[in-house]
**Student:** 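This is the structure I want to talk about, given as structure tokens.
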Amino acid sequence: MAVPPLQRSSDPAGQRPSWQFDVLLGLLVVASLPLAIVAIPNTLSVVAGLLPGDVDQPGLMRTHGLALPALMLTVPLAAVALRRVPAAYVLVAGLALVALSDAAGGYAGSELVVGAVRVVRGIGAGLVLPATLAAVWERTPVLRALWVGMLGLSLLVAQALALWPLDDVSSWRVTLQPYPLVTGIALALAALHLGVWTASGRPAAPVPDLRERGLVLLSAGPAAGIAVVAVSTASEGWRAGWVILLAAVAVTALLVMASMGAAESRALAYTMVAVGVVLLPSAAQITMVEMGGLGGPGLRGLWLPYVLAGVLAVAAAILVRLHAPAAGRWLAPLGLLAMVGGLCSVRFLVPSADGLLLVVPFGLLAVGAAVALTATLQEVTFGAAAFGLSLGVAGVLTGFLLGTGVQMAMLDGVGSVQELVDGFVGALHWWALIGGFLVVLIIMLAAVLARRTDQPPVDERERVPCAGTPSDTLLAPDDGDSGHQPIVPPMGAFDRPVASDEERSLPSVPPQGQSPEDTSSP
């Protein structure tokens with residue numbers, strides 16, 4: 001007889017790590033998730049005036065955008081690698097790569113070095129995302145909710161965080177090393193977490209099973225295709241119509257991929273795609289439109305609505321996790337509808353000279369994403385969560401691709417500063433309209449597939465029972481005058497040497513071809 005492998009206990013005494021371990025893990029999530037997501041925005045164009053004149057500026061800007069493709073290709077591979085490498089080691093490795101990119105960024109001076117630095121940073125961020133999810137997966141419910149809330153907050157403020165260090169800078173290399181101090185703090189927390197995890201007996205983290213690993217690896221295919229398309233459109237000068245068409249094809253591919261998961265994981269996959277495509281691209285465009293030079297309050301006027309929206313998002317995720325653990329079926333579409341409301345408010349409130357009004361779109365977007373993700377994440381396995389996360393980060397690049405196409409169409413032929421401002425605002429309003437319709441489409445798609453999944457197959461209504469089943473279960477379901485004949489067991493199925501009183505009381509089974517009404521008791 002095969003003996004199952006021994007499972008490690010959480011510590012030598014067989015107990016789970018203490019609450020101090022959870023606090024440390026929470027601090028690590030708060031520090032590392034924004035640091036990973038802030039690698040996504042390409043902000044080199046903001047400091048284009050500081051670039052040296054002897055370099056290929058367009059080429060440098062293109063290579064600066066390689067962090068996101070590297071991140072989205074790393075996430076599925078890192079999720080599968082967690083089967084062999086513990087999450088604590090992956091976390092340290094990911095943050096170490098981010099720190100390495102910070103150090104190397106200070107010496108970048110060519111297109112090749114900039115591209116290498118950004119790829120390394122993207123790989124490090126791609127390791128952090130699934131590793132933090134695995135680390136909090138089997139801890140207290142608040143930690144998983146905190147992870148979701150911080151993910152939503154990070155996607156909301158990533159553009160603003162990437163722009164904040166660029167105020168009154170004297171070197172363009174700051175874009176390659178925006179927060180070296182935060183990187184050092186996060187790396188120290190990861191090292192401390194590794195030490196505590198080792199001292200606690202190296203508790204095992206969840207890993208995807210064989211089928212889920214196959215799906216996660218398969219999700220790298222669309223991610224690679226989207227990355228190739230994005231790099232090609234940036235370097236070959238494609239027209240706006242083709243960029244929008246390719247982005248639409250990419251969204252369709254992600255939704256088809258999301259439909260390939262198990263029935264219980266499709267809602268999370270659809271939600272991740274919707275949040276990825278809409279949240280960061282929308283927040284990035286709002287942030288750029290609200291910059292001081294375009295009539296908005298600037299970054300200083302945006303931090304209060306950002307903070308309020310982030311606090312509300314984290315609080316909403318915790319409340320859903322603690323008080324609505326089985327309400328994913330109705331909370332997920334409700335959260336996505338809140339995101340639609342946030343996109344609708346963009347058309348009425350943006351641009352706004354009063355930054356406080358932006359609490360409405362920011363809050364609806366962040367809270368809606370947190371509620372939808374928390375509600376769907378608590379009903380799936382870790383493998384399904386990793387699959388959804390892989391599709392979500394691919395959706396971020398797809399959203400940027402679609403938003404870029406809309407901007408190219410709106411800015412084509414502009415000849416003055418006012419036309420440029422009007423073009424940016426018009427592109428944002430059109431993007432909000434497109435994003436809202438896309439989220440509604442995803443809600444409808446998820447509802448239709450969930451309804452089809454809930455219907456039992458027709459074959460389950462007529463099953464031939466095993467020999468020995470009592471004869472009162474052998475009749476086909478009574479569907480009225482359906483013409484079904486009673487099912488007769490094989491000859492000798494009920495033959496017994498001596499029948500008990502209970503067995504004698506069982507109803508007799510008529511001969512084949514004779515209806516129950518034609519029989520009479522002996």
**Student:** Enter the distance from L438:CG to L402:CG here, rounded to the nearest 0.5 Å.
**Tutor:**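 If we round to the nearest 0.5 Å, L438:CG and L402:CG are 8.0 Å apart.
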**Student:** So how far is it from I37 CD1 to Q159 CD, rounded to the nearest 0.5 Å?
**Tutor:** 13.0 Å
**Student:** Please round to the nearest 0.5 Å and tell me the distance separating atom CD1 of I123 and atom CZ of R118.
**Tutor:** 12.5 Å
**Student:** Quick one: ring pair (Phe, Tyr, Trp, His ring centres under 6.0 Å) partners of Y89, sequence neighbours excluded?
**Tutor:** W197
**Student:** Kindly say whether V371 contributes a backbone atom to a donor-acceptor pair with the side chain of T374 at under 3.5 angstrom?
**Tutor:** no
**Student:** With side chains defined as the heavy atoms from C-beta onward, is the minimum distance between L391 and M257 less than 4.5 Å?
**Tutor:** yes
**Student:** If only atom types and distance count, is the side chain of Y179 paired as donor or acceptor with the main-chain N or O of A162 below 3.5 Å?
**Tutor:**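 It does not hold such a pair.
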**Student:** Checking side-chain polar atoms at under 3.5 Å, does S259 have a donor or acceptor matched by the opposite partner on Y270?
**Tutor:** yes
**Student:** Looking at side-chain heavy atoms only, is the closest gap between L364 and M339 below 4.5 Å?
**Tutor:**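 Answer no - side chains too far apart.
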**Student:** Do W147 and W137 make the cut of ring centroids closer than 6.0 angstrom?
**Tutor:** no
**Student:** Would a 4.5 Å heavy-atom cut-off, applied to side chains only, mark V29 and V136 as touching?
**Tutor:** yes
**Student:** Side chain to side chain donor-acceptor pair (under 3.5 Å) with T252: which residues, sequence neighbours excluded?
**Tutor:** none
**Student:** Is there a donor-acceptor contact under 3.5 Å from the side chain of S232 to the main chain of V228?
**Tutor:** no
**Student:** Taking the side chain as C-beta and beyond, is there a heavy-atom pair between P178 and D102 under 4.5 Å?
**Tutor:** yes
**Student:** For the residue pair S101 and Q177, confirm or rule out a side-chain donor-acceptor distance under 3.5 Å.
**Tutor:** no
**Student:** Decide yes or no on side chain to side chain donor-acceptor pair (under 3.5 Å) for T287 and Y306, but give the supporting numbers first.
**Tutor:** CA-CA 10 Å; T287 301; Y306 275 135; 2.3 Å; yes
